[in-house]
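The structure displayed is predicted, hence computed values, not measured ones.
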Amino acid sequence: MVLGEKTRGGSCTIISPPLGDGLPVSLSSVFVMTTKDGDYLEKGVTPDKEIEVKKKEDGTEDYSAFFDIPALSKYINEFYTKKR
């Protein structure tokens, strides 16, 4: 089960080989992550249960719903109860 908001994509793996002097460099590799059905994750992953990110009065994002343990437990229990 995935809880949260839709990811923004980006499914190429990153490799960090060291240069000759030992400094690392980050490179996109030719390897791409896919779902078990072979779909690319480049366009993001939609969660099973979306959790709304609210805006505070000052315009910043409020992620407190991501830490609401009773609500998260409810979502998880509902998800797995429906699966049976």
Side-chain angles (χ1 to χ4, degrees):
M1 171 180 205
V2 178
L3 296 168
E5 59 185 343
K6 183 174 180 179
T7 64
R8 290 162 180 82
S11 62
C12 289
T13 58
I14 305 297
I15 57 174
S16 299
L19 298 174
D21 61 2
L23 293 174
V25 62
S26 294
L27 302 168
S28 290
S29 74
V30 297
F31 303 106
V32 178
M33 292 184 284
T34 61
T35 66
K36 63 182 176 183
D37 299 324
D39 295 329
Y40 291 107
L41 303 176
E42 196 63 37
K43 294 181 181 175
V45 174
T46 302
D48 297 300
K49 173 63 178 171
E50 189 153 351
I51 298 175
E52 182 181 356
V53 179
K54 297 181 180 176
K55 292 280 186 183
K56 296 179 184 178
E57 286 184 24
D58 65 1
T60 60
E61 295 175 327
D62 177 7
Y63 285 93
S64 62
F66 285 67
F67 303 95
D68 183 344
I69 301 301
L72 296 174
S73 296
K74 178 183 171 206
Y75 302 147
I76 293 167
N77 288 331
E78 288 174 354
F79 179 81
Y80 285 105
T81 300
K82 290 178 187 176
K83 290 279 184 184
R84 291 183 186 172

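Put simply, the side chain of P24 does not reach to within 4.5 Å of the side chain of P18, judged on heavy atoms. Counting only heavy atoms from C-beta outward, the side chains of V25 and S16 never approach each other to under 4.5 Å.
Between the side chain of T7 and the backbone N or O of V45, at least one donor-acceptor pair lies under 3.5 Å.
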Under 3.5 Å donor-acceptor pairs involving side-chain atoms of residues 52-60, not counting sequence neighbours:
from : atom 1 : to  : atom 2 : distance (Å)
D58  : OD1    : T60 : N      : 3.0
D58  : OD1    : T60 : OG1    : 2.7

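For the atom pair E78 CD and D48 CG, the distance stands at 13.0 Å (nearest 0.5 Å). E61 contributes atom CD, which lies 6.5 Å from atom CD of E5 (distance to the nearest 0.5 angstrom). Note that CD1 of I69 is 15.0 Å distant from NZ of K74, once rounded to the nearest 0.5 Å.
Using a 4.5 Å cut-off between side-chain heavy atoms of Ile, Leu, Val, Met, Phe, Trp and Tyr, with links allowed through other members, Y75 and F66 fall into the same hydrophobic cluster.
Under the side chain to side chain contact (heavy atoms under 4.5 Å, CB included) criterion, I76 pairs with M1, L3, Y80, sequence neighbours left out. Residues passing the side chain to side chain contact (heavy atoms under 4.5 Å, CB included) test with A65 are I51, sequence neighbours excluded.
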